[in-house]
Amino acid sequence: MKINNIKIFLVAATMGMGLTSCEDFLDRPTEDNYVASGYYRTDAECIAAVDYLYNSPWYDFQRGFFKVGEVLSGNYYWGSSPYLNFSLNSNDEDLRNMSYSLWAVNGHSNIVRKYIEDGSASEAVKNQTMGECLLWKAMAYFYLVRTFGDVPIVHDNAGMIESGTYNEQYKVHKADVYDYIVMTLEKAIELLPVQCTEGRLDKYCAKGLLAKVYLTKAGVTGSLNADDLQKAAEYAKDVVVNSGRELEKNYHDCFTLEGNKSKENMIAWRWVVSSQWTSQNSLQSDLGMTGQDEYGDQWGEWNGPSIDLQDAFGFNILENPAQRIDVDTRRKATLMTIGDVVPYLWRDKGGFDYMRFEYDKTYNPSAWGEHRSPTGCNVVKHLYGNNADHVAGTGTSADRMASSLCTPLLRLADVYLVLAEAKVLLGQTADPDALNAFNAVHQRAIPTAAAKTSLSFDDIWKERRLELACEGDRWYDFVRLAYYNPERAISELKSQRRNVYWNLNLTFKQYYETGQWLLVNQDDDNNEQTTTYDDQTPAPNVTINSFVIPFPMEDLTFNPHLMEDPVRVDVRQTYQY
């Protein structure tokens, strides 16, 4: 997953831009290349230039998105990954690609917005597309500041390149970076339409993101700022009440190919399978199980959702599947294991039967005859299934390491929980808006649950984990918490069950072959083996410094100022839109 080595701050002056219309950018790939000269004259040209921001420059962030968001946070087990054991350093390839990707988004947003502003399209489309550029820029910076902490503000790529100062930028204190994100989103809100066509960004998408930014920003100085929390609640309530969006009735509908059209997915990477490498979703290759599609491009069965996440769902892999009772409907939409059938994957085969996939060659000719995930589970989110599923869901074929399944970055349910958390942190634990928002999310997942009449931070903290599990978000909840309560964040990470089970295959294979669920079995050498959790591997060494990820070595080499202390900037006086 690597674009050519686009240095972090050079992008978009002559970058490929697809000529597609506002209505069909989700269905057709980019086709032609344009240079800035003579472009941005028509509405279609401006829209096509911004379409690119919905996928390609984000492509190299996909692995970092999952490894930082889920592996580092303890939601997902990924072998001996440095993201799992907190040994991440500046030489990590996925970290380097992540940085390139985020700066590429910022650079493209900056340059395209400027060209659109100076172009001759209609005022309505100029405003819409400039607003989209600003929202994507804000999203990139939101990831940058929560990942790397203090970062430079690159407001005008062209001006910095022309002056030769691009790689001489100093880091800006993260509190000021948050102010810059707020300022950027305020301008996006001013420009964006109230509603746009399916999948595109609108005013309420920007308001939803701004609510989450304010919630995060509230603790950045080390203690919670009541004004920021109040603004988080106000923006979130505006979205909940006035956006016209509703939660999907069924949770899993947000994550299917048909879910690409879900209004709950407010901000998402809108991937397309095309001849242009980087326009597509490749996450199934890293997370799916070998043989799941026809392209020989999966290798994720050796990893899986963590045992700690399973615990959070109240789910015990060591219990007999025939006696398993799932209370929370989100579990099966997030992780699958022996005894599970996922109806919207392998639809042409009656659903994806996890146990048969591993052991039954009449069902899966590639069945390897053993269970491989050391946590007993594999992920469901981010999987599209096989090509028949892709055709059924989109009308088009998938390809090797390529699907059109969107990747949600901000869902309406997240905004609901932002509203609830902001109110609780303000001490308003029985606030009606907070209760309504929390209960809507919680009772969709557990229809039999009684409505809450009072909320605690722990209620929302757990709900966010279960609601957004494996969506690339959990680590950033820990970062936000660590701003003002690092002791709790460190303690929780150290106490997680991040290790593996031993001898799961013996139990799973015995169950498949005989229907008996036994945790003690004989191996091939007739030795007794017990299926049990590895409680001997030490907990990771988490410290306050763990919540700031190191810059990639290339960034440090090109700009040594990144190793220096940050500066303070009055962003509203320094930068203008």
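All values below were derived from every heavy atom in this structure, side-chain atoms included, with hydrogens, water molecules and symmetry-related copies excluded. Every value quoted in this text rests on a predicted model; they were computed, and no experiment measured them.
- Here the two rings, on Tyr141 and Trp136, have centers that are 6.0 Å apart or farther.
- Side-chain N or O atoms of Ser73 include one that pairs as donor or acceptor with a backbone N or O of Glu70 at under 3.5 Å.
- Shown are Arg411, Lys212, Arg465; of these, the salt bridge (charged side-chain N to carboxylate O under 4.0 Å, His left out) with Asp473 is made only by Lys212.
- Under a cut-off of 6.0 angstrom, the local environment of CD in Glu117 is crowded, with over 12 non-hydrogen atoms contributed by other residues, nucleotides or ligands.
- Geometrically, Arg474 engages Phe478 in a cation-pi contact defined by less than 6.0 Å to the ring centre and at most 45° from the axis.
- In this pair, His155 and Tyr575 present their aromatic rings tilted. The plane angle is within the 30 to 60° band.
- With hydrogens and angles disregarded, no donor-acceptor distance shorter than 3.5 Å links the side chain of Ser285 to the backbone of Gln298.
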Report, one line per pair, each donor and acceptor closer than 3.5 Å where one atom sits in a side chain of residues 76-83; sequence neighbours left out.
unit_1, atom_1, unit_2, atom_2, d
Ser81, OG, Tyr83, N, 3.0
Tyr83, OH, Asp92, OD2, 2.6
Tyr83, OH, Leu95, N, 3.4

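- Partner Ile549 forms a side chain to side chain contact (heavy atoms under 4.5 Å, CB included) with one of Val479, Val68, Asn89 and no other, that one being Val68.
- Other residues, nucleotides and ligands contribute more than 12 heavy atoms inside 6.0 Å of the CD atom of Glu258.
- Aromatic ring centres of Tyr483 and Phe547: separated by at least 6.0 Å.
- Of the options Asp238, Asp414, Asp202, a salt bridge (charged side-chain N to carboxylate O under 4.0 Å, His left out) to Arg245 is made by Asp202 and by none of the others.
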